[in-house]
Novice: 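My questions all concern the structure below.
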Amino acid sequence: MIKAIRGTRDILPPASALWNHVEAATRHVFRTFHYHEIRTPIFEETALFARGVGQDTDIVSKEMYTWDDRDGTSITLRPENTASVIRAYIEHRLDQIPGLKKLYYIGPMFRRERPQKGRYRQFSQIGAECIGSDSPVIDAEMIELALEVLVRCGVQNPHLLLNSVGCATCRPRFVEALRERLQHVKHTMCADCQRRADTNALRVLDCKVPEDQNIIDSLPSILEHLCQPCAQHFETVKSMIEARGIDYEIRSRLVRGLDYYTRTTFEVTHGALGAQNSILGGGRYDGLAESLGSRIPAPGIGFSIGEDRLVMAIEEHVKAEDLARLDVFLIALGDAALKHAALLARDLRAQGISVELSADHKVKRAMETANKLNARYALILGDNEIAAGVYALKDMASGEQQNLSKSALLSAFNA
RNA sequence: GCGCGUGUAGCUCAGCCGGUAGUAGCGCCAGAUUGUGGUUCUGGAUGUCGUGGGUUCGAAUCCCACCACGCGCCCCA
């Protein structure tokens, strides 16, 4: 038997209804914020990600699906979408179009990691980017947008973590200070931290080993090392978020794994997702366009939601079975009724009512099917009903049945 | 990539001090005569016991490898 590739999966009904619900709610929110969809290719030149995401990140150095095309070009399945969006922005000179570019996307990403609950090799991200401004006002609205998407999809109690990682001026100074401090204390820390102290000092801040926490707490904080412009930017972001009534937690140790982030970074976590408790991550990337070789500056900020994790977070209170539920199971008895039923089904569907035509010949059999499908109503149409000009509508939950004229039937569903 | 754990009917599982699987529960299919489901009763189908090797007269049961999933690490959405 051929089975789905490791780390990939099939999303079947009724679970797929949950995905449709999430995507429909998401698109609605984006429309109200005047964000519009961009669809970029699933694969790009490898160099785009190497330069955009960062050669030294785990994503680029060991998680990408990369191969050589027939002409020798190195091609990679996208591990994330921000680099592609910026590439498209530059390529199509979107900076020449008036207004900020407010774009969103929904689609599959690919990373070759060890599969785990909430972590797949093909996974879907819902993301947004606002390109063309470095104003902190944009940061605050982006964060509001991100939370609004989550809440409208049904996420309860999203927890916002906020930080600033500085810019090309102040971050290197901080990393140097951090590294120097670590030289004195790293020998008392876990093996991973000893290694990271030299290779990627920032990641030490993210260590979860309990014994290391006291030491980490004593390490310098990036927030105390921000340059004046970055500190001012961060203050404005915070006050703008507060003005929106959004709760947040400053997490100065929040370190993102993509090299392009500058200044504002944020993350949303949610309980009951296991080790992969991060449902959304985002931040500003003012130098990304330039690092892709563009002479067009394209300061921006964005976020991406792990759609798989978002679905996991809501499936406890948003039931796929309810979303996919059948309204009417239409039981037609006899040839005349079948033809009549086809037209009735068309009228009901035109009103947005879901209708399934019975393929069963016996009423008893059909009722059993209606019950198993968990239909709200069974609608019986036979010679008796045709002769009387009525429809027998049975409420499957209460068992009540009544004969209704066509107009009464159509209006019965409007309630 | 590393460590731990799990892998038996569609699903949840029992069997696991070795002798070729269970009347298990749920589900599925069929029946209890006429155009009415959910309860009940009766009958029925379905498994290369994750895959491949090894030990043994004999393995679902022991050993090894691989695969998949879960948890943790790493990383991130």
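By convention in this document, chain letters (A, B, ...) are assigned in the order of the sequence lines, proteins followed by strands, and residues within each chain are numbered from 1.
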Novice: When you compare the side chain of A:His340 with that of A:Leu381, does any pair of heavy atoms fall below 4.5 Å?
Specialist: yes
Novice: Say you pick atom C1' in B:A60 and the same atom in B:A9; how far apart are they, in whole Å?
Specialist: 14 Å
Novice: Find which nucleotide of RNA chain B each of A:Ile305 and A:Arg119 is nearest to by heavy atoms, and output the residue with the more 5' nucleotide.
Specialist: A:Arg119
Novice: State whether A:Arg112 places a side-chain N or O below 4.0 Å from either non-bridging phosphate oxygen (OP1 or OP2) of B:G1.
Specialist: yes
Novice: Among A:His270, A:Glu249, A:Glu267, which residue meets the side chain to side chain donor-acceptor pair (under 3.5 Å) test with A:His159?
Specialist: A:Glu249
Novice: With a non-hydrogen cut-off below 4.0 angstrom, is A:Ile331 in contact with a base, only sugar-phosphate, or nothing?
Specialist: nothing
Novice: Using the C1' atom on both, measure B:U39 against B:U34 and round to a whole Å.
Specialist: 23 Å
Novice: Taking the six-membered ring of A:Phe43 as reference, does the cationic atom of A:Arg78 (NZ for Lys, CZ for Arg) lie under 6.0 Å from its centre and within 45° of its axis?
Specialist: no
Novice: Please identify which of these residues, A:Ile331, A:Leu344, A:Asp327, meets the side chain to side chain contact (heavy atoms under 4.5 Å, CB included) condition with A:Leu379.
Specialist: A:Leu344
Novice: Side chain of A:Glu368 only, please: which of B:C29, B:G37, B:C75 is the nearest?
Specialist: B:G37
Novice: Distance check, C1' atoms only: B:G19 and B:A59, in whole angstrom units.
Specialist: 9 Å
Novice: Ignoring hydrogens and angles, does a donor from either the side chain of A:Asn384 or the base of B:G35 sit under 3.5 Å from an acceptor on the other?
Specialist: yes
Novice: If you check every side-chain atom of A:Arg114, which of B:C74, B:C4, B:U36 has the closest atom?
Specialist: B:C4
Novice: Is there a donor on the side chain of A:Arg309 or the base of B:C76 sitting less than 3.5 Å from an acceptor on the other?
Specialist: yes
Novice: Spell out yes or no: do the side chain of A:Arg6 and the base of B:C69 have one donor N/O and one acceptor N/O closer than 3.5 Å?
Specialist: no
Novice: Quick check on RNA chain B: between A:Val268 and A:Thr8, whose nearest nucleotide comes earlier from the 5' end?
Specialist: A:Thr8
Novice: For the ring pair A:Tyr104 and A:Phe30, is the centre-to-centre distance below 6.0 Å?
Specialist: yes
Novice: Expressed in angstrom and rounded to an integer, what is the separation of A:Asn277 atom CG from B:G72 atom C1'?
Specialist: 13 Å
Novice: Side chain of A:Ile59, heavy atoms from C-beta onward: which of B:G1, B:C29, B:C76 has the nearest atom to it?
Specialist: B:C76
Novice: Which value, in whole Å, describes the distance between the P atoms of nucleotides B:A45 and B:G31?
Specialist: 16 Å
Novice: Can you check the A:Lys362 NZ to B:A32 P distance for me, whole Å?
Specialist: 7 Å
Novice: Do A:Asp139 and A:His233 have side-chain atoms, one donor and one acceptor, less than 3.5 Å apart?
Specialist: yes
Novice: Is a donor-acceptor contact shorter than 3.5 angstrom present between the side chain of A:Asn371 and the base of B:G37?
Specialist: yes
Novice: Please state how far atom CG in A:Leu373 lies from atom C1' in B:G27, giving the value in whole angstrom units.
Specialist: 15 Å
Novice: Could you work out the separation of B:G10 and B:G53 based on their C1' atoms and round it to a whole Å?
Specialist: 30 Å
Novice: Please give, in whole Å, the distance from B:A77 C1' to A:Glu307 CD?
Specialist: 11 Å
Novice: Which whole-number value in Å describes the distance from A:Glu113 CD to B:C76 C1'?
Specialist: 6 Å
Novice: Heavy atom of residues 386-409 of chain A under 4.0 Å from RNA chain B: which residues?
Specialist: A:Lys394, A:Met396, A:Ala397, A:Gly399, A:Gln401
Novice: Determine the Euclidean distance between corresponding C1' atoms of B:C63 and B:G18; express it in Å to zero decimal places.
Specialist: 13 Å
Novice: Are side-chain N/O atoms of A:Thr82 and A:Glu129 paired as donor and acceptor at under 3.5 Å?
Specialist: yes
Novice: Is A:Lys364 near enough to B:A30 that one of its side-chain N or O atoms lies under 4.0 angstrom from OP1 or OP2?
Specialist: no
Novice: Between A:Tyr377 and A:Phe413, does the ring pair (Phe, Tyr, Trp, His ring centres under 6.0 Å) criterion hold? Intermediate values first, please.
Specialist: CA-CA 10 Å; A:Tyr377 296 98; A:Phe413 290 103; 5.4 Å; yes
Novice: B:G27 and B:G44: how far apart are their C1' atoms, nearest whole angstrom?
Specialist: 14 Å
Novice: If you define the side chain from C-beta out and look only at heavy atoms, does anything of A:Met367 sit under 4.5 Å from A:Phe329?
Specialist: no
Novice: Do any side-chain nitrogens or oxygens of A:Arg365 fall under 4.0 Å of OP1 or OP2 in B:A30?
Specialist: yes
Novice: Under 4.0 Å, heavy atoms only, any strand: does A:Tyr377 hit a base, just the sugar-phosphate, or nothing?
Specialist: nothing
Novice: Report which part of the nucleic acid A:Gly334 touches: base, sugar-phosphate, or nothing (heavy-atom distance under 4.0 Å, all strands).
Specialist: nothing
Novice: Please identify each residue that fulfils side-chain contact (heavy atoms from CB on, under 4.5 Å) with A:Ser291, with sequence neighbours left out.
Specialist: A:Leu288
Novice: Can you check the A:Lys117 NZ to B:C76 C1' distance for me, whole Å?
Specialist: 17 Å
Novice: Have a look at A:Asp308 and say if it touches a base, only the backbone sugar-phosphate, or nothing, with a 4.0 Å heavy-atom cut-off.
Specialist: nothing
Novice: In whole angstrom, give the distance that lies between atom CZ of A:Phe123 and atom P of B:C76.
Specialist: 12 Å
Novice: Please check if atom CZ in A:Arg251 has more than 12 non-hydrogen atoms from other residues, nucleotides or ligands closer than 6.0 Å.
Specialist: no
Novice: Quiz question: going by heavy-atom distance under 3.5 Å, is there a donor-acceptor pair between the base of B:A77 and the side chain of A:Arg111?
Specialist: yes
Novice: Can you tell me the distance, in whole Å, between the OH atom of A:Tyr261 and the P atom of B:C75?
Specialist: 16 Å
Novice: Ignoring backbone atoms, test whether A:Gln116 places a side-chain nitrogen or oxygen under 4.0 Å from the OP1 or OP2 oxygen of B:G70.
Specialist: no
Novice: Distance check, P atoms only: B:G58 and B:G5, in whole angstrom units.
Specialist: 29 Å
Novice: What would the secondary structure line of RNA chain B be in dot-bracket form, counting Watson-Crick and G-U wobble pairs under 3.5 Å, with [ ] for pairs that cross earlier ones and | for pairs with another strand?
Specialist: (((((((..((((........).))).(((((.......))))).....(((((.......))))))))))))....
Novice: Centroid separation under 6.0 Å, is that true for the rings of A:His36 and A:Tyr105?
Specialist: no
